[in-house]
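Numbers here are sequence positions counted from 1.
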Amino acid sequence: MEEFKYHYKYPHPAVTTDCVIFGFDGVSIKVLLIQRGIEPFKGSWAFPGGFLKMDETADECAKRELEEETGLKNIPVDQFYTFTSVDRDPRERVITIAYFALVRMGEVKGGDDASNARWFSYDEIPSLAFDHDRILRKAVSALKIRICFKPIGFDLLPEIFTMSELQNLYEAILEIKFDRRNFYNKMMKLGLLIEAEKRPENTPSRIPVKYRFNPDKYTELKQKGFRLEF
């Protein structure tokens with residue numbers, strides 16, 4: 001039977017993984033893209049990804065390709081959709097399992113079949129290879145849903161931040177503006193935030209309070225979820 005381990009009489013597709021990586025620069029959402037160094041679509045921008053090996057899971061493939069093509073290591077990824085259009089890859093019949101991840105922005109470097117890796121603002125993303133424009137739209141929709149049911153700021157903000165920075169993050173993802181007082185009340189009600197440092201007495205109110213996430217509450221809400229409505 002060993003000689004037939006990877007042979008089957010019926011046609012079957014290849015499988016790839018693709019990773020949509022989101023970052024935040026304090027003002028806008030960023031998306032990490034790689035520039036393809038090989039055909040097809042050589043020179044075009046795309047998401048980090050590649051073909052699944054016979055001895056790895058899809059999660060392992062996604063993390064491996066992400067590290068090989070951008071240098072990002074040990075990034076937790078969430079599977080959000082599987083793309084199966086029959087003509088999505090000109091080489092052969094390819095199904096891709098798509099993931100997204102949230103990371104604090106840092107230096108990235110193209111590697112393997114990626115000639116370059118770069119962060120792009122969401123409103124400045126070039127035309128993408130394959131069906132990656134569609135993958136991006138699905139990823140953004142998944143992120144907008146997630147932000148209403150699970151905390152995400154820990155993965156995108158610096159360790160210490162202001163309420164305004166947290167509000168900017170939510171507004172950038174959901175593409176809406178919030179009332180400042182209403183946003184403050186909802187965030188504090190969740191119990192997610194603790195003051196990072198006490199503001200000295202008689203400090204002008206225009207100097208913002210600085211916060212950090214309560215790690216125990218953050219982990220609890222990430223596991224069981226919540227419903228955040230504005």
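The aromatic rings of F161 and Y211 sit tilted, their planes meeting at an angle between 30° and 60°. Note: F22 and F100 have perpendicular aromatic rings, judged against thresholds of 30 and 60 degrees for the angle between ring planes.
Salt-bridge formation is detected for the pair K217/E220: a Lys NZ or Arg NE/NH1/NH2 atom is positioned less than 4.0 Å from an Asp or Glu carboxylate oxygen. By the 4.0 Å N-to-carboxylate-O rule, K53 lies too far from D55 to be salt-bridged with it. In this structure, D155 pairs ionically with K222, as a charged nitrogen and a carboxylate oxygen lie closer than 4.0 Å. Salt bridge absent: R64 and E60 never bring a charged side-chain N and a carboxylate O closer than 4.0 Å.
Annotation: R181, atom CZ; neighbour count of heavy atoms from other residues, nucleotides and ligands within 6.0 Å does not exceed 12. Taking a 6.0 Å sphere around CD of E159, one finds it holds 12 or fewer heavy atoms contributed by other residues, nucleotides or ligands. In this structure, K42 places its NZ atom where only 12 or fewer heavy-atom neighbours from other residues, nucleotides or ligands lie under 6.0 Å away. Shown here is N185, whose CG atom has more than 12 heavy atoms of other residues, nucleotides or ligands within 6.0 Å.
Distance check, rounded to the nearest 0.5 Å: CG of N74 to NZ of K63 gives 8.0 Å.
Looking at heavy atoms from C-beta onward, F47 lies in side-chain contact with V31 at the 4.5 angstrom threshold. With contacts defined as side-chain heavy-atom distances shorter than 4.5 Å, the pair R134/S85 qualifies. A 4.5 Å side-chain heavy-atom check between F83 and K138 finds at least one atom pair inside the cut-off.
Remark: R212 is not positioned above the aromatic ring of F154, lacking an NZ or CZ atom under 6.0 angstrom from the ring centre and at most 45 degrees off the axis. Note that R180 lies outside the cation-pi zone of Y184, set by a 6.0 Å cut-off to the ring centre and a 45° limit from the axis.
For the pair R36 (side chain) and P40 (backbone), a donor-acceptor distance under 3.5 Å is present. Looking only at distances, a side-chain donor or acceptor of E69 sits under 3.5 Å from a matching main-chain atom of G49. Between the side chain of Y99 and the backbone N or O of D59 there is at least one donor-acceptor pair closer than 3.5 Å. With hydrogens and angles ignored, the 3.5 Å screen pairs a side-chain donor or acceptor of E171 with a backbone N or O of F178.
A pairwise comparison of heavy atoms in V77 and A62 identifies CG2-CB, 4.4 Å as the closest pair.
Tested against L33 for a side chain to side chain contact (heavy atoms under 4.5 Å, CB included), the candidates I125, I21, T70, V20 yield a single pass: I125. The side chain to side chain contact (heavy atoms under 4.5 Å, CB included) test with F24 singles out one residue from I152, L102, L156, and that residue is L156.
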